[in-house]
Amino acid sequence: MPDLGRVSAVSRFYVTTPIYYVNDVPHIGHAYTTVTADALARWHRLLGDDTFFLTGTDEHGLKVQRAAEANAVAAHEHATRTSARFREAWELLDISYDDFIRTTEPRHHRSVQQFLQRCYDNGHIYKGTYAGLYCVACEAYYTEDDLIDGESCPIHLRPVEHLEEENWFFRLSAFTQPLLDWYEANPDAVRPEGKRNEALGIIRQGLEDISISRTSISWGVPVPWDEGHVFYVWYDALINYATGVGYGEDPERFATWWPDVHHLLGKDILRFHCVYWPAMLLAAGEAPPHRLFVHGYLLVGGEKMSKTRLNQIFPADLVADFGVDGFRYHFLRDTVFGNDGDFSYEGMVSRYNSDLANNLGNLLSRVATVVAKKCGGVGPAPRPDSPLAPVAAEVYADTAAGWQAIAPSQALEATWRLIREANAHLEANEPWKMEPGPALDAVLGDALEVLRIVAVLASPAIPGTCEEVWRRIGMPGTLRDQRLPAAAGWGGYPGGVPVTKGDPLFPRMKSGS
Ligand code: ME8
């Protein structure tokens, strides 16, 4: 079988999510990026790649300081509490991160200070005065042209504030040409294409130097060469991706993982990641990231979800109705990763019923019922020449291509084709009407083999359910020990093992329940 799905000759996969602000508790927008990163990490672990999945929380800045003041607690206390809420949400959603970074950790302070000291020593940081229009929610300055009606932030639609202070500046303007050169030499670095063009548009307009320190607040990483200044939250935050793999502490480890990283992020933070971050890395003498994948917004009623618009949906509420894997599947399958997607409860029920209850759930329950009735509960082996074998080979290739392209909806669509074909195969042969014997065994063995392969291929998306399928069809060990592509090869189901009939994997939901 062709070895699709390798990132590069080196079998390593480093994936990150943005680190989320602790002024807000996790909602389905945060979960969307995080579940996707998790599924990619799980896919690469299946491939046998040495995988590192980093997420965490962004705890400095004015926005967090003000959220803490509003709750009448110290900033660090507030950050600790909210950061814990993110960890709880990720535990609920079966997120298998390898490291959870908090920007208030000493290891991160050390890394930020070393990174920016390098930029300073290389002559890319200088002192100046900044006067500008600042959106606290974005933690960013805007020009008047960017504003809505000359006064409001284009993302948060609320008035910006006038701020004036002495700052350290990063000489971003000097990186216009190096960035253009980097984009040209790395046409796939920013995906999808439309987002790459957006970033290029920003660079081609010409870049201005940016202020990277503050004296007005103390809640941040101190500037090592100038007491009284802290780094502006974004310049501390972006460096988390370097801290996570040992920047400044373990050069060998850093060199192992960097720059072959896959950053996932929403389009709200494209400018920081696709323009500022590669420039900062160049300034520090490091290579820019291998891949930046920019996805769209999850919209609710056509609008971006946000605290200020009071339209947030929290993961636990949906998990209560759909289960963890119902939740994960929906967000991976429903929207093409990259585009905006409108979330609706009705749409979620309908996809859950069709793909999970009717297709996957039904396949397992039909097979287990007939095996119990007609084969004494012992699963027969598949045929080597089954008509489903070539379908399984195509499905593996398409599934691998989907994950490789960071297109989970495409990968799952491919995997579900095998489920649909197996259900059609059962309907054509009607094993529930057949007499026990070799003909019945052949039909059931093939269907059990499909379930085994689907359990492997769908496990990055719905890990708990797939482990359960694995157990019920009588496979030994756990799915985590499986390796692709071998585990997707036809003929791995041994036969002669006990098949368990259990409760429905995904009980059907009533529309509007
Ligand atoms: O921006 N649709 O943190 P943040 C899709 N701390 N994705 C969404 C979303 C939505 N409606 N809402 C949030 C920050 N997200 C900075 C990042 S990184 C060095 C610093 C996801 O808490 C999406 O990934 O505002 C978006 O980019 C991120 O959460 C913003 O999280």
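Numbering of ligands and ligand atoms starts at 1, following listing order. When reading the values below, keep in mind they use all heavy atoms of this one structure, side chains included, and skip hydrogens, waters and symmetry mates. The residues of the chain are indexed from 1 along the displayed sequence.
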Does any donor atom in the side chain of Thr104 or Glu59 lie under 3.5 Å from an acceptor atom in the other side chain? yes
Counting heavy atoms under 4.0 Å, the part of Asp268 that contacts ligand 1 is side chain
Going by atom types only, do Asp38 and Tyr97 share a side-chain donor-acceptor pair under 3.5 Å? no
Need the ligand 1 atom indices (1-based, order shown) with element for anything under 4.0 Å from a heavy-atom of Asp58. 6 (N), 16 (C), 20 (C)
Pick one of side chain, backbone, both or neither for how Lys267 approaches ligand 1, counting any non-hydrogen atom pair under 4.0 Å. neither
For Thr33, counting its heavy atoms only, list the atoms of ligand 1 lying under 4.0 Å from any of them. 21 (C), 23 (C), 24 (O)
Quick test: of every protein heavy atom, which one is nearest to atom 17 (C) of ligand 1, and how far off is it to 0.1 Å? Ile19 O, 3.2 Å
Begin with the C-alpha distance, continue with both residues' side-chain angles, and end with the deciding distance and a verdict on side chain to side chain donor-acceptor pair (under 3.5 Å) for Tyr235 and Ser213. CA-CA 9 Å; Tyr235 301 97; Ser213 74; over 6 Å; no
Would you tabulate the side-chain donor-acceptor contacts of residues 294-305 under 3.5 Å, counting partners in other chains and residues two or more places apart, or write 'none'?
| unit_1 | atom_1 | unit_2 | atom_2 | d |
| --- | --- | --- | --- | --- |
| His295 | NE2 | Thr33 | OG1 | 2.9 |

For His263 and Thr16, does a side-chain donor sit closer than 3.5 Å to a side-chain acceptor? yes
Residue, atom name and distance, where the atom is the protein heavy atom closest to atom 4 (P) of ligand 1: Tyr21 CD1, 3.8 Å
Identify, by atom number and element, the atoms of ligand 1 in contact range of Gly296, meaning under 4.0 Å from any of its heavy atoms. 5 (C)
Residue-ligand contact Trp234/ligand 1, heavy atom below 4.0 Å: yes
What is the closest protein heavy atom to atom 28 (C) of ligand 1, and at what distance does it sit? Tyr20 CE2, 3.9 Å
of all protein heavy atoms, closest to atom 9 (C) of ligand 1 is Gly29 CA, 3.5 Å
Heavy-atom contacts with Ala237 under 4.0 Å: which atoms of ligand 1 show up? List them by number with element. 19 (C)
Separation between CG of Leu147 and OH of Tyr142, rounded to the nearest 0.5 Å: 8.5 Å
What are the atoms of ligand 1, with element, lying closer than 4.0 Å to any heavy atom of His295? 5 (C), 7 (N), 23 (C), 24 (O)
Assess, by modelled atom type and distance only, whether the side chains of Thr55 and Thr34 contain a donor and an acceptor separated by less than 3.5 Å. no
Whether Arg107 and Glu249 form a salt bridge (side-chain N of Lys/Arg under 4.0 Å from carboxylate O of Asp/Glu) is what I want to check. no
Could Asp58 and Arg102 be called an ion pair, given the rule that one side-chain N must be under 4.0 Å from one carboxylate O? no
Give a yes or no on whether a salt bridge exists between Arg87 and Glu91, defined as a side-chain N under 4.0 angstrom from a carboxylate O. no
At under 4.0 Å between heavy atoms, is it the side chain or the backbone of Leu298 that contacts ligand 1, or both, or neither? both
For ligand 1, find out whether one of its N or O atoms is nearer than 3.5 Å to an N or O atom of Ile269. no
With respect to atom 19 (C) of ligand 1, which of Tyr297, Phe331, Tyr241, Trp277 exhibits the smallest heavy-atom separation? Tyr241
Protein contact to atom 12 (N) of ligand 1 [nearest heavy atom, distance to 0.1 Å]: His27 CE1, 3.3 Å
